[in-house]
Amino acid sequence: MRLRDLPSVDELARTVDDPLAVDAARAVLARAREAIGAGGDPGDLEALLRAELRAARAPRLRRVLNATGILVHTNLGRAPLAEHALERVVEAARGYSNLEYDLADGRRGSRQDHVAAALRRLTGAEAALVVNNNAAAVLLALAALAEGREVIVSRGELIEIGDGFRIPDVLTRSGARLREVGTTNRTRAADYERAAGPETGALLRVHQSNFRVVGFTEQPTVAELAEVARRHGVPLVDDLGSGVLVALEGEPSARDSLAAGAELVCFSGDKLLGGPQAGIVVGRAELVERLRRHPLQRAVRADKLTLAALEGTLALYLDPARAGREVPVLRMLGEPAGSVRARAAGLAAAVGGEVEETVARVGGGALPLAEIASYACAVEEELAAPLREGEPPVVGIVRDGRLLLDCRTLGDDEVEEVAAAVASAREARATAGAEPGRPAAAPGEAHPTSSPLRS
Ligand SMILES: *Cc1c(COP(=O)(O)O)cnc(C)c1O
């Protein structure tokens, strides 16, 4: 076919009755011109138009099979929700709800009431508040407690949380001034003590969630910082990052932090807690109330779907053994390596791959050094791109010329789907070369699958 043989956009669009036809025809013809320019054949234009229209209507935000071995993968939507949490979301979303309505009194109620009791019980706090995410929680805490005043924070804790967003930049938007103390590797309670004065609004501790400083290091304990804060009559705010509600070696819990004297503790809902995106603030009632009344609170409050999912997740934690079984992040974290290996062996047998020992990670800014024994099914690297573009998409890790499909982050019920996806990906590659205008993925191309995790 030559360029001048191509139909016009309108001619091609008229072959279907669809309000999106003109835009789709334009896209199909642009690709056809490219294919002809490259000496290829543009293919069946009407079939391509129908495919283009199907693609235009297909959902963009889709389920993905996570074969990276990174449990809380920020790029892949962090924590999957427990069934029980999903049920709460569907019920709250389908019709009306008592979101801000007190059914006993027949009057306005608070959206916070639905989760506050569970959060108090699980952390030992006097009061709790849920906002949109943890960055918002810290922002709100500093705005409410230290606007126009100084917040003392260690230089070793001014972290970047991912995608170029840095804690200090978020914090200064609160209207508080950051007063940095100590050095990258060593900060002592005495550094905070020296900096504290009439200008001080709060002391802030930020958990080194996504990195560790090793070697010649020193950090004050929460109890030591709380002592300094008390002497100066200001609150200690502790940003934990990933709030775990179960005992987990190396990851601080809100309960421990409050018990050690922090007056407000902030953490995410969708990291190791395994719930929806949310920022949770727990602590002294009088301080939580100041946050609740601050104008910014209205701008960062959690929506009803989040609150429903969080209530459903927290309900599981009231029975810790149940949380371990039913909260997906905890279940994946706790699964014995032997059963991960069995899953990898099943997948390898189904696709003709090899079982490979790997290291899974928590991700999402928690336990950055923790290596979790895991197993993957290794297949040819060239499948990385077609697997990402398949249905459902499968995302693995490219390493040493092979694609590793880590089975710690896959469920038993997903193995068959992955096996089918591998078969289709091989087929897609076999036909890609022959398909007009569509080059086969170049081997060794840079895959997003091998990019580092963002938290
Ligand atoms: C992840 C993280 C945040 C940001 O939490 P989001 O819920 O993603 O807003 C803030 N502080 C620390 C220490 C974190 O690890």
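Order of listing sets the numbers, starting from 1, for every ligand and every atom in it.
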- One finds that the ligand 1 atoms under 4.0 Å from a non-hydrogen atom of His207 are 13 (C)

- Lys271 near ligand 1, heavy-atom distance under 4.0 Å? yes

- Message: When you compare ligand 1 with Arg78, is there at least one nitrogen or oxygen pair between them that comes in under 3.5 angstrom?
- Response: yes

- Item | Under 3.5 Å side-chain donor-acceptor pair for Asp406 and Thr358 | yes

- Does the side chain of Glu193 pick up a donor-acceptor pair with the side chain of His232 at under 3.5 Å? yes

- Query: For ligand 1, which atoms sit closer than 4.0 Å to a heavy atom of Ala135?
  - Reply: 4 (C), 5 (O), 6 (P), 9 (O)

- Item | Electrostatic pair Arg120:Glu126 at N-O distance under 4.0 angstrom | no

- Task: Before accepting this row, confirm whether a basic side-chain N of the pair Glu100/Arg108 lies closer than 4.0 Å to the acidic partner's carboxylate O.
- Result: yes

- Item | Distance-only N or O hit between ligand 1 and Ala278, under 3.5 Å | no

- Message: Less than 4.0 Å is my threshold; does some heavy atom of Ile167 fall inside it relative to ligand 1?
- Response: yes

- Ser268 to ligand 1: N or O pair under 3.5 Å? yes

- Note on the structure: ligand 1 atoms nearer than 4.0 angstrom to some heavy atom of Gly241 are 12 (C), 13 (C), 14 (C), 15 (O)

- Message: Taking the basic N atoms (NZ, or NE/NH1/NH2) and the acidic carboxylate oxygens, is any pair closer than 4.0 Å for Arg205 and Asp239?
- Response: no

- Salt bridge between Arg399 and Glu381, side-chain N to carboxylate O under 4.0 Å? no

